[in-house]
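Worksheet: one structure, shown below.
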Amino acid sequence: QVHLVESGGGLVPAGGSLILSCAATGGNFKDYAMAWFRQGPGLEREFVAGLSNNGVNVYYADSVKDRFTVSRDNAKNTLSLQMNSLKPEDTAVYYCAISIYGDGMRFILQRLTSYDSWGQGTQVTVSS
């Protein structure tokens, strides 16, 4: 079982940037797709960005495309999310997750049920 710990959240003004990190321990990190999800106040958890085990296939939610960049370092067992041009609607708890699949089409990697291990989340608050 992989254990995931997120870090890097905080309070940032609109238009600012943050980098989230997710450190993985245990399991075979490099064998599985990874993703970031978020859950805003009163909202359901939603897919933000994900990538295949080798980082070749990368997917973004339309709401963050061209602003966020997801990446992974399989040598260091880390997943990152570079967030630029942040908006108040990006305010949420951000979670990293490891998939039960190594790769998959977009509609598969967007599903919550495609992931079986989650971090505890890190709060991102964007002020207007």
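A quick note: this is a predicted structure, and the numbers were derived from the prediction, not measured.
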Query raised in the report: Would the number of heavy atoms belonging to other residues, nucleotides or ligands and lying under 6.0 Å from CD of Glu44 be above 12?
Result: no
Query - Gly121 backbone acceptor or donor facing Glu6 side chain under 3.5 Å - result: yes
Query raised in the report: Leu4 and Ala24: which non-hydrogen atoms are nearest, and at how many Å?
Result: CD2-CB, 3.6 Å
Query raised in the report: When clusters are formed by joining ILVMFWY residues with side-chain heavy atoms under 4.5 Å apart, either directly or through shared neighbours, do Met34 and Tyr95 land in the same one?
Result: no
Report summary line: Between Trp36 and Leu81 the two heavy atoms that sit nearest each other are NE1-CB, 3.5 Å
**Report entry** Side-chain heavy atoms of Tyr101 within contact of Asn53, under 4.5 Å
**Finding:** no
Query raised in the report: If every non-hydrogen atom of Thr122 is compared with every non-hydrogen atom of Gly9, which pair is closest and at what distance?
Result: OG1-N, 3.1 Å
Query raised in the report: Taking C-beta and beyond as the side chain, do Gln1 and Ser117 meet within less than 4.5 Å on heavy atoms?
Result: yes
Requested in this report: Evaluate the side-chain proximity of Leu51 to Leu79: yes if any heavy-atom separation is below 4.5 Å, no if none is.
Outcome: yes
Requested in this report: From the options Asp90, Thr91, Leu20, select the one residue that forms a side chain to side chain contact (heavy atoms under 4.5 Å, CB included) with Arg38.
Outcome: Asp90
Query raised in the report: Say you draw a straight line from OG of Ser52 to CZ of Arg72; how long is it, rounded to the nearest 0.5 Å?
Result: 7.0 Å
Query raised in the report: Can you check whether Arg45 reaches Leu112 side chain to side chain, under 4.5 Å on heavy atoms?
Result: yes
Report task. Grab the two heavy atoms, one from Ser17 and one from Ser85, that are nearest each other, plus how far apart they are. Result -> OG-N, 4.3 Å
Query raised in the report: Given the rule that I, L, V, M, F, W and Y join up when any side-chain heavy atoms are under 4.5 Å apart, are Trp118 and Val93 in one cluster?
Result: yes
Query - Spatial distance of atom OG (Ser127) from atom CG (Leu86) [nearest 0.5 Å] - result: 10.0 Å
Query raised in the report: How far apart are the C-alpha atoms of Thr125 and Gln123, what are their side-chain angles, what is the distance that settles it, and do they pass the side chain to side chain donor-acceptor pair (under 3.5 Å) test?
Result: CA-CA 6 Å; Thr125 302; Gln123 176 71 47; 3.3 Å; yes
Query raised in the report: Roughly how far apart are Asn74 CG and Tyr32 OH, rounded to 0.5 Å?
Result: 13.0 Å
Query raised in the report: How far apart are the closest heavy atoms of Tyr115 and Ala33, and which atoms are they?
Result: CE2-O, 4.5 Å
Query - Main-chain N/O of Leu109 paired with Ser114 side-chain donor or acceptor, under 3.5 Å - result: no
Requested in this report: Taking all non-hydrogen atoms of both residues into account, name the closest pair between Gln120 and Val5 and its distance.
Outcome: OE1-CA, 3.7 Å
**Report entry** Whether Asp73 side chain and Ala75 backbone form a donor-acceptor pair below 3.5 Å
**Finding:** yes
Report task. Measure the shortest side-chain to side-chain distance between Ser21 and Thr78 over non-hydrogen atoms and say whether it is less than 4.5 angstrom. Result -> no
Query raised in the report: What orientation do Phe68 and Tyr94 show, parallel under 30°, tilted 30 to 60°, or perpendicular over 60°?
Result: tilted
Query raised in the report: Is the gap between the ring centers of Tyr59 and Phe47 under 6.0 Å?
Result: no
Requested in this report: Verify the cluster assignment for Val70 and Met83: are they in a single hydrophobic cluster under the rule of side-chain heavy atoms below 4.5 Å apart?
Outcome: yes
Query raised in the report: What about Phe107 and Ile100, same hydrophobic cluster or not, with Ile/Leu/Val/Met/Phe/Trp/Tyr joined at side-chain heavy-atom distances under 4.5 Å?
Result: yes
Query raised in the report: Is Arg67 close enough and on-axis enough to Tyr60, meaning under 6.0 Å and within 45°, for cation-pi?
Result: no
